[in-house]
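Below, chains carry the letters A, B, ... as their sequence lines are ordered, and counting in each starts from 1. Atom set for the values below is all heavy atoms of this structure, side chains included, hydrogens, waters and symmetry mates excluded.
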Amino acid sequence: MPELPEVEVVRRGLVRWVAGRTIAEAEVLHPRAVRRNEGLLADQLKGRAIRSAERRGKYLWLPLSDGDDALLAHLGMSGQLLVVPPESPAEKHLRVRLAFTDGGPDVRFVDQRTFGHVLVTPMAGNVPKVIAHIAPDPFEPVFDAAIFADRIRKRRTGIKRALLDQSLISGVGNIYADEALWRARLHWARPTETLSRPKIADVLAGAREVMTEALGQGGTSFDSLYVNVNGESGYFDRSLAVYGRRDEPCPRCGTPIRREAFMNRSSYSCPKCQPRPRNARW
DNA sequence: CGACTCTCCTGGGTGC
DNA sequence: TGCACCCAGGAGAGTC
């Protein structure tokens, strides 16, 4: 499942392949992949050059020449942006294909579960207009830890729900939320308004550390659904402390990791290091 | 505005 | 072997 480190791996892989190249043809093979796009993507992209590859949180975009807009992508759960030779056969779940005027490798958006999407959208300052409501991610210079802590403390919800709220902090998904909370020794249902500023700083530090480590190992992958632009999986799943490790020993204290249902998904935590608060909220 | 739920999707795994 | 389920969620839309 692509979260910030996985999307960053894709961005880094993509930028060296696409910067400066001109799109000869864009082909949409599944309408759902462009459901947020206004107009015809193929017409909007034909003849445009890609300037670079940028990212905020889990969103990735390719600024385009001849206008102040960009090709924006979100990988959803199973989306991939692959760089492959133009003659290679269509992938089973190929949704959008970009061919280039230089005859070099295609960029292909492949997505089994179609939660991901791509669209051409105008920029609003430094980010695409349609993601202006997303908060900076914790690796951006403009991310303000004090503002983040204030906003967390004003919420009336559980800390994990707040971490997953992309308007408070972007880039954190289910995996790294669980890992950050384990590092900060906090239960996911801890009410946000009961957290001290230092404790919020611990969570933020945990999130930054675990995502930095994951990035260093090429991201996390549990199966072949998340891959970099060359189709390779990351190795960070070997380093996860709690996510997906029900009944395995906590790396810190040895207590078996528990799995709890939360928002129609799973939360993994250590019962001893992360005791459930009496005033749990979610 | 904030809190929360519902919904979209496919294929691998599981139990009978 | 077949089939009915369950599960993985990110985030926009909608409700209150």
Side-chain angles (χ1 to χ4, degrees), chain A residues 1-8 10 28-38 55-61 72-81 91-96 109-119 121 127-135 137 147-148 150-181 188-194 207 211 219-227 233-234 237 240 242-246 259-268 279-282:
Chain A
M1 290 132 261
E3 302 181 28
L4 188 155
E6 291 75 32
V7 178
E8 177 61 14
V10 172
V28 176
L29 295 102
H30 195 305
R32 195 172 143 76
V34 294
R35 62 192 178 279
R36 290 185 73 192
N37 193 63
E38 293 179 21
R55 184 190 56 73
R56 165 168 280 186
K58 305 172 200 172
Y59 279 95
L60 170 70
W61 66 92
L72 177 65
H74 194 292
L75 302 179
M77 289 185 62
S78 55
Q80 306 170 2
L81 283 166
E91 291 77 7
K92 184 177 180 185
H93 301 293
L94 178 61
R95 309 306 189 195
V96 177
F109 180 62
V110 175
D111 187 10
Q112 179 209 106
R113 295 177 201 169
T114 68
F115 272 37
H117 60 275
V118 298
L119 71 158
T121 178
V127 299
K129 192 176 171 183
V130 295
I131 63 163
H133 61 292
I134 300 292
D137 70 54
I147 290 175
F148 173 67
D150 286 346
R151 295 190 64 198
I152 288 280
R153 283 156 58 88
K154 283 175 184 160
R155 286 294 174 103
R156 293 293 180 270
T157 188
I159 181 60
K160 183 167 176 181
R161 192 185 283 275
L163 286 178
L164 296 177
D165 185 339
Q166 304 294 300
S167 71
L168 290 173
I169 179 172
S170 66
V172 180
N174 202 39
I175 296 174
Y176 297 116
D178 279 2
E179 294 295 314
L181 291 169
W188 53 268
R190 177 70 177 268
T192 47
E193 73 272 23
T194 68
M211 291 196 290
T220 298
S221 179
F222 290 89
D223 51 37
S224 59
L225 284 182
Y226 165 70
V227 290
S233 295
D237 56 307
L240 295 175
V242 291
Y243 185 85
R245 297 196 180 280
R246 175 162 57 170
R259 173 187 177 275
E260 295 170 289
F262 161 79
M263 290 170 73
N264 282 327
R265 58 209 60 183
S266 296
S267 267
Y268 297 91
N279 50 357
R281 178 180 285 163
W282 63 92

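For A:Arg259, the side-chain hydrogen bond (donor to acceptor under 3.5 Å, both in side chains) partners at least two apart in sequence or on another chain are A:Ser266. Residues satisfying the side-chain hydrogen bond (donor to acceptor under 3.5 Å, both in side chains) criterion with A:Thr114, sequence neighbours excluded, are A:Arg32. Under the salt bridge (charged side-chain N to carboxylate O under 4.0 Å, His left out) criterion, A:Arg55 pairs with A:Glu8, A:Asp137, sequence neighbours left out. Residues passing the side chain to side chain contact (heavy atoms under 4.5 Å, CB included) test with A:Lys160 are A:Leu164, A:Asn174, A:Ala177, A:Asp178, A:Leu181, A:Trp188, A:Phe262, A:Ser267, sequence neighbours excluded. A:Glu193 meets the side chain to side chain contact (heavy atoms under 4.5 Å, CB included) test with A:Arg156, A:Pro191, A:Arg281; sequence neighbours excluded. Evaluation of the side chain to side chain contact (heavy atoms under 4.5 Å, CB included) rule for A:His117 yields A:Arg35, A:Arg36, A:Tyr59, A:His74, A:Leu119 as partners, not counting sequence neighbours. With sequence neighbours left out, the ring pair (Phe, Tyr, Trp, His ring centres under 6.0 Å) criterion links A:Phe109 to no other residue. Among residues two or more places apart in sequence or in another chain, the side chain to side chain contact (heavy atoms under 4.5 Å, CB included) test is passed with A:Arg151 by A:Ile147, A:Arg155, A:Ser167, A:Leu168.
For C:dA8, neither phosphate oxygen OP1 nor OP2 lies less than 4.0 angstrom from any side-chain nitrogen or oxygen of A:Tyr243. A sub-4.0 Å separation between OP1 or OP2 of B:dG11 and a side-chain N or O of A:Gln112 is absent. In this structure, A:Ser266 reaches the C:dA8 phosphate: one of its side-chain N or O atoms is under 4.0 Å from OP1 or OP2.
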Distances for protein N/O vs nucleotides 14-16 of chain C N/O pairs under 3.5 angstrom?
none

Pairs under 3.5 angstrom, nitrogen or oxygen only, protein versus nucleotides 3-6 of chain B, please.
unit_1	atom_1	unit_2	atom_2	d
B:dA3	OP1	A:Arg156	N	2.5
B:dA3	OP2	A:Arg155	NE	3.0
B:dA3	OP2	A:Arg155	NH1	3.1
B:dC4	OP2	A:Thr157	OG1	2.8
B:dT5	OP2	A:Arg161	NH2	3.2

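Terminal axes of the helix from B:dG2-C:dC16 to B:dC16-C:dG2 (five pairs each, C1' rotation axis) are separated by 50°, to the nearest 10°.
Distance, A:Leu4 CG to C:dG10 C1': 14 Å, rounded to whole Å. Following rounding to the nearest Å, A:Arg36 (CZ) and C:dG10 (P) show an atom-to-atom distance of 16 Å. Counting to the nearest Å, the C1' atom of C:dG12 and the CG atom of A:Leu164 are 15 Å from each other. In this structure, CG of A:Asp111 is placed 13 Å from P of C:dA11, rounded to the nearest angstrom. Atom C1' of nucleotide B:dC1 and atom CG of A:Leu168 are separated by 13 Å, given to the nearest angstrom. Counting to the nearest Å, the P atom of C:dA11 and the NZ atom of A:Lys160 are 14 Å from each other. One atom, CZ of A:Arg35, and another, C1' of B:dC8, lie 7 Å apart when rounded to the nearest Å. Distance, A:Phe115 CZ to B:dC8 P: 10 Å, rounded to whole Å.
Across all strands shown, A:Arg259 has heavy atoms under 4.0 Å from sugar-phosphate atoms exclusively, and none from any base. A:His117 comes within contact range of no nucleotide atom at all, as no heavy-atom separation falls under 4.0 Å. Residue contacts for A:Phe262: at a heavy-atom cut-off of 4.0 Å it reaches no nucleic acid atom on any strand shown.
In this structure, of C:dG10, C:dA11, B:dG11, it is B:dG11 that holds the atom nearest to the side chain of A:His93. Among the nucleotides C:dG10, C:dA11, C:dA8, the one closest to any side-chain atom of A:Arg113 is C:dA8. For A:Lys58, taking side-chain heavy atoms from C-beta onward, the closest of the listed nucleotides B:dC9, C:dA11, C:dG12 is C:dA11.
Considering A:Leu60, A:Val130, A:Val118 in turn, A:Val130 is the only one that fulfils the side chain to side chain contact (heavy atoms under 4.5 Å, CB included) rule with A:Leu72.
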Candidate pair A:Gln166 and A:Lys58, rule side chain to side chain contact (heavy atoms under 4.5 Å, CB included), full reasoning: CA-CA 9 Å; A:Gln166 304 294 300; A:Lys58 305 172 200 172; 3.6 Å; yes

Side chain to side chain contact (heavy atoms under 4.5 Å, CB included) between A:Leu4 and A:Val7, intermediate numbers included: CA-CA 5 Å; A:Leu4 188 155; A:Val7 178; 6.0 Å; no

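Interatomic distance, A:Leu240 CG to A:Arg245 CZ, rounded to the nearest 0.5 Å: 6.0 Å.
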